[in-house]
Amino acid sequence: LELFLNKNASRSTGSESKGNKIFFLRTKNFYIKIKRQYLSAFVSLFSENTLNLTFCMDKGLIKDSYKSIAAEARGLFKDNGSKFIAHAYPVETEEEVKEIVAALKKEYYDARHHVYAYRLGYMGDKFRANDDGEPSGSSGRPVLGQIDSNGLSDILVVVVRYFGGIKLGIPGLIRAYKTSTADALANAEIVEKIASKMYRVHFGYLNMNGVMKVMKDMGLEQKNQKFDMECSLETTVRLSQVDSFIERMGDVEGCNIEEI
C-alpha cells in the first residue's frame with residue numbers, strides 16, 4: 001500500500017508493466033494506492049463506514065450515498081436524579097444547527113446543559129462536538145461518537161441535561177450522554193441520501209431529441225423546462241453519474257450545460 005495526502009494525490013487509475021490495475025481509495029484525509037489483487041482483502045478488513053472510501057477506477061464508482069435520519073427522534077436516560085433528554089434532527093447546514101440549538105435552549109431554559117454534536121455532508125467532513133460547560137470530552141464527543149458508530153451524516157443531536165444534585169463523574173457523564181444519544185438514534189428512521197449536483201441544460205429546438213435521449217437513458221428528471229427556438233431545462237445528477245452526464249451532453253450538438 002502507498003498513502004498520499006489528498007492535495008497531492010492523483011485520482012486517475014494507473015497500470016503497471018504487467019497490466020495490473022491500480023485502485024486509488026480515497027478517505028477524508030488521504031488516498032490509498034492498492035493493486036487489484038489486494039482490494040477485496042483490504043475492504044474486508046476495513047469497512048466503508050470506517051474509512052468512508054471512494055473508489056476511483058476508469059470513471060468508476062464514486063461513493064455518493066450515505067445514511068441519515070428521516071425526522072426528529074428522541075431518547076432519554078436517567079441517573080442519580082439527572083435527566084438526559086436527547087433530540088436527533090436531520091439537518092444539512094450549520095445555519096440549521098444554530099437555529100435548532102437556539103430554539104431548544106429557549107424551550108429548555110431551565111436546564112443545566114445543552115450539549116450537542118453534528119456531522120454534515122456526504123463525506124461527513126463538517127462536524128463539531130460542544131460540551132456546553134460539561135467537563136471537556138465528557139459529553140460532546142460521546143454524542144458525536146454515537147453518530148459516527150451508526151455511520152450517519154446530515155444529523156444533529158442535542159442532549160438536554162437537568163442536574164439531579166449528584167455529580168456523576170467523567171465516566172458517568174460519558175455513559176449518560178452516550179446512552180441517551182443511542183436511544184434517540186435507535187428510535188430514528190434511518191434513510192439513504194444521495195449526494196448530487198444540479199445543472200441547467202441549454203440547447204436548440206432542433207437538438208432536443210439528443211438531449212432527451214440522454215435524460216431518458218440516465219433516468220434523470222427534468223424541471224423548469226423552457227421549449228422554444230432556444231430551449232433549457234434543469235436536472236439533478238447524482239455524483240456517480242456526473243462525469244457520464246457531462247460527457248454525453250457534450251456530445252450533443254449545440255448543447256451547453258452549467259452547474260447551478
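- In plain terms, the two heavy atoms of Ile147 and Ala117 that are nearest each other are CD1-O, 3.7 Å.
- Interatomic distance, OH of Tyr122 versus OG of Ser153, reported as 11.0 Å (0.5 Å rounding).
- A single hydrophobic cluster is not seen to contain both Val101 and Leu144; linkage of ILVMFWY side chains at heavy-atom distances under 4.5 Å, directly or through other members, places them apart.
- For Arg161 and Tyr177, the side-chain atoms include no donor-acceptor pair closer than 3.5 Å.
- Of the possible polar contacts, none joining the Ser138 side chain to the Ile170 backbone as a donor-acceptor pair under 3.5 Å is found.
- Val143 and Val160 fall into different hydrophobic clusters, defined by Ile, Leu, Val, Met, Phe, Trp and Tyr side-chain heavy atoms under 4.5 Å apart, directly or through other members.
- In summary, the aromatic rings of His114 and Tyr109 are positioned with their centroids too far apart to meet the 6.0 Å limit.
- Surrounding OH of Tyr205 are at most 12 heavy atoms belonging to other residues, nucleotides or ligands under 6.0 Å away.
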Check against side chain to side chain contact (heavy atoms under 4.5 Å, CB included), Val91 and Ile155: CA-CA 5 Å; Val91 294; Ile155 182 174; 5.5 Å; no

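- Atoms CG and CZ, from Asn130 and Arg141 in turn, are 12.0 Å apart once rounded to the nearest 0.5 Å.
- Side-chain contact between Ile257 and Ile246 is present, with heavy atoms from C-beta onward closer than 4.5 Å.
- At distances below 3.5 Å, at least one donor-acceptor pair connects side-chain atoms of Lys67 with backbone N or O atoms of Asn150.
- Between Asp79 and Arg175 there is a salt bridge, since at least one side-chain N of the basic residue sits less than 4.0 Å from a carboxylate O of the acidic one.
- At least one side-chain heavy atom of Thr235 sits under 4.5 Å from a side-chain heavy atom of Val237.
- No donor-acceptor pair under 3.5 Å is formed between the side chain of Ser232 and the backbone N or O of Val201.
- Between the side chain of Ser68 and the main chain of Asp154, a donor-acceptor pair closer than 3.5 Å is present.
- Taking both residues in full, the closest heavy atoms of Ile174 and Gly137 are given as CG1-O, 4.3 Å, listed atom of the first, atom of the second, then distance.
- With Glu96 contributing its side chain and Thr93 its backbone, the two residues share a donor-acceptor pair below 3.5 Å.
- Within the 4.5 Å cutoff, no side-chain heavy atoms of Cys255 are placed close to those of Asn207.
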Side chain to side chain contact (heavy atoms under 4.5 Å, CB included) between Tyr199 and Val242, intermediate numbers included: CA-CA 10 Å; Tyr199 290 92; Val242 163; 3.3 Å; yes

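- In this structure, Met249 and Val211 have side chains that are in contact, with non-hydrogen atoms separated by less than 4.5 Å.
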Can Leu76 and Arg74 be said to form a side chain to side chain contact (heavy atoms under 4.5 Å, CB included), step by step? CA-CA 7 Å; Leu76 178 65; Arg74 297 190 181 188; over 6 Å; no

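- Among all heavy-atom pairs drawn from Val252 and Val214, the shortest one is CG2-CG2, 4.2 Å.
- The side-chain heavy atoms of Tyr66 and Leu152, taken from C-beta on, include no pair separated by under 4.5 Å.
- Looking only at distances, no side-chain donor or acceptor of Ser65 sits under 3.5 Å from a matching main-chain atom of Ile194.
- Checking side-chain atoms of His113 against main-chain N and O of Asp132 turns up a donor-acceptor pair under 3.5 Å.
- Taking every heavy atom of both residues into account, Asn187 and Gly75 meet most closely at ND2-CA, 4.4 Å.
- Of the possible donor and acceptor atoms, one in the side chain of Asp131 sits under 3.5 Å from a partner among the backbone N and O of Gly140.
- Under the 4.0 Å criterion applied to side-chain N and carboxylate O atoms, Lys226 and Glu234 are not assigned as salt-bridge partners.
- One finds no salt bridge joining Glu107 and Lys105 here, because no Lys/Arg side-chain nitrogen approaches an Asp/Glu carboxylate oxygen to under 4.0 Å.
- None of Met218, Arg248, Met208 except one satisfies the side-chain contact (heavy atoms from CB on, under 4.5 Å) rule with Lys213; the exception is Arg248.
- Side chain of Arg119 to main chain of Gly124: a donor-acceptor pair is present (N/O by atom type, distance under 3.5 Å, no hydrogens or angles).
- At distances below 3.5 Å, at least one donor-acceptor pair connects side-chain atoms of Asp64 with backbone N or O atoms of Ser240.
- Residues His87 and Tyr108 are in side-chain contact: their nearest non-hydrogen atoms beyond the backbone lie under 4.5 Å apart.
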Run Val159 and Ile85 through side chain to side chain contact (heavy atoms under 4.5 Å, CB included) and show every step you take. CA-CA 5 Å; Val159 181; Ile85 308 168; over 6 Å; no

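- Around the CD atom of Glu259, the shell of radius 6.0 Å holds more than 12 heavy atoms that belong to other residues, nucleotides or ligands.
- A heavy-atom distance below 4.5 Å is found between the side chains of Tyr162 and Asp110.
- Put simply, OH on Tyr116 and OH on Tyr89 are 14.0 Å apart, with the number rounded to the nearest 0.5 Å.
- If you look at Tyr118 and Phe127, their ring centroids are not closer than 6.0 Å.
- Counting all heavy atoms, side chain and backbone alike, Val158 lies closest to Leu104 at CB-CD1, 3.6 Å.
- By the 4.5 Å heavy-atom criterion applied to side chains, Glu134 and Val115 are counted as neighbours.
- The CG atom of Leu233 sits 5.0 Å away from atom CE of Met212, with the distance rounded to the nearest 0.5 Å.
- Residue Ser180 holds its OG atom at 13.0 Å from NZ of Lys78, rounded to the nearest 0.5 Å.
- To the nearest 0.5 Å, atoms CE (Met123) and CG (Leu239) are separated by 10.5 Å.
- Among all heavy-atom pairs drawn from Pro90 and Glu72, the shortest one is CD-N, 3.9 Å.
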